[in-house]
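Notes follow once the structure below has been shown.
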Protein chains: 2
Amino acid sequence: MLIRIDYQDARPIYEQITAGFEKLILSGVLEPDEQLPSVRGLAVELSTNPNTVQKAYAALERNGFIYTVKGRGNFVSGNVSLINERKRSMREQIEAILKEADELGIDRKELLEGLGGKGKND
Amino acid sequence: MLIRIDYQDARPIYEQITAGFEKLILSGVLEPDEQLPSVRGLAVELSTNPNTVQKAYAALERNGFIYTVKGRGNFVSGNVSLINERKRSMREQIEAILKEADELGIDRKELLEGLGGKGKND
DNA sequence: TGAACTGTACTATTTGTGTTAGTACAGTTA
DNA sequence: TAACTGTACTAACACAAATAGTACAGTTCA
């Protein structure tokens, strides 16, 4: 069970599937050219519909996480820039929060206190 | 025009209204006991429906941002703890992003580089 | 008192998204 | 050929967001 659906999660199923595979691919659990479960197979496994899985896979391909070979299956792409794009996206998210903090008169330093590292300084 | 609706924004209208007033209240633009636009008045102003505004106001009251007096209107509450709750919520959001970074093997320090303050250190 | 405001509470309808279901077609593998 | 793979449709259902309309209750003020 590589992927697990959480029905408490507000996100739609197809989005949980894409997010799940994105994490598995970016963290290296799934290696380049490794095959993903088939659309129909994963649908059975997750007790969901092939169309829902298909929608998730289409998004993964659109964003460069996987490539598709018709008749063979879906495979992890060896796209190295993905991790950098994710890093940039995370910085954007944090920057948006800090911008809101600015507008509310909350000090950035105070907000980030103790979030820096794990046992180094701070 | 205190509030502006962005139809590019994926968030529903009622949520944009609550978010807008929350920011105005937390930043002090709207002061305690100051009156908000009437449900019907704001609906006309935003070219939306009174029910939609009502839904937004109900949420604001539920979360302690405003109080309602039937027949008179809605007013900003003088709840001082709201800003601290917001601060806590922001830290949670950032912490969630950093936790994901950990799982992807991205260094927290590197991610937070240069986001600290405005012209002090970092 | 009565008119004109305020909020509140419904019901009905429309629209869009997510999901399910079913069918059909095309390419690959053994 | 049989059994896999992905892809492309259409139809139907559920749900949330939003709109529309009506009705009722409390406040303000002339």
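Naming convention: chains lettered A, B, ... in sequence-line order (proteins, then strands); numbering from 1 in each chain.
- Residue Thr68(B) has its side chain nearest to dT8(C) when only dG6(D), dT20(C), dT8(C) are considered.
- Leu46(A) and Tyr14(A) are not part of a single hydrophobic cluster, where members link through side-chain heavy atoms under 4.5 Å apart.
- The interatomic distance linking Asn51(B) (CG) with dT15(C) (C1') rounds to 16 Å, in whole Å.
- Remark: P of dA26(C) and NZ of Lys70(A) are 8 Å apart, rounded to the nearest angstrom.
- Results of the side chain to side chain contact (heavy atoms under 4.5 Å, CB included) test with Phe65(A) over Asn79(A), Leu24(A), Leu60(A) single out Leu60(A) as the only residue that passes.
- Look at Lys55(A) and you won't find any side-chain N or O under 4.0 angstrom from OP1 or OP2 of dT19(C).
- When each of Ala58(A) and Arg40(B) is assigned the nucleotide of DNA chain D with its nearest heavy atom, Ala58(A) is the one assigned upstream, toward the 5' end.
- Regarding Gln35(A), its CD atom lies at a distance of 14 Å from the P atom of dT28(C), rounded to whole Å.
- A sub-4.0 Å separation between OP1 or OP2 of dG7(C) and a side-chain N or O of Asn74(B) is present.
- Taking atom OH of Tyr7(A) as the reference point, atom P of dA14(D) lies 17 Å away to the nearest angstrom.
- Proximity of a side-chain donor or acceptor of Gln93(B) to a complementary backbone N or O of Gln93(A) within less than 3.5 Å is not detected.
- At least one donor-acceptor pair under 3.5 Å links the side chain of Glu34(A) to the backbone N or O of Glu31(A).
- Side-chain nitrogen and oxygen atoms of Arg72(B) include none within less than 4.0 Å of the OP1 or OP2 phosphate oxygen of dG26(D).
- Distance, Glu61(B) CD to dG7(C) C1': 10 Å, rounded to whole Å.
- Contact annotation: Tyr57(A) side-chain N/O to dG6(D) OP1/OP2 distance is not under 4.0 Å.
- Not a single donor-acceptor pair under 3.5 Å links the side chain of Arg11(B) to the backbone N or O of Asp6(B).
- Taking side-chain N and O atoms only, Ser38(A) has a distance below 4.0 Å to OP1 or OP2 of dT5(D).
- Between Ile13(A) and Gly73(B), the residue whose closest nucleotide on DNA chain C is further toward the 5' end is Gly73(B).
- Between Thr48(B) and dT19(D), a side-chain N or O to OP1/OP2 separation shorter than 4.0 Å is present.
- Asn49(A) has its CG atom 14 Å from the C1' atom of dA14(D), to the nearest Å.
- At the phosphate of dA18(D), neither OP1 nor OP2 sits under 4.0 Å from any side-chain N or O atom of Tyr14(B).
- Between Thr52(B) and the phosphate of dA17(D), there is no side-chain N or O to OP1/OP2 separation shorter than 4.0 Å.
- Gln54(B) places its CD atom 13 Å from the P atom of dT6(C), with the value rounded to the nearest Å.
- For Arg11(B) and dG16(C), the CZ to C1' distance is 19 Å, given to the nearest whole Å.
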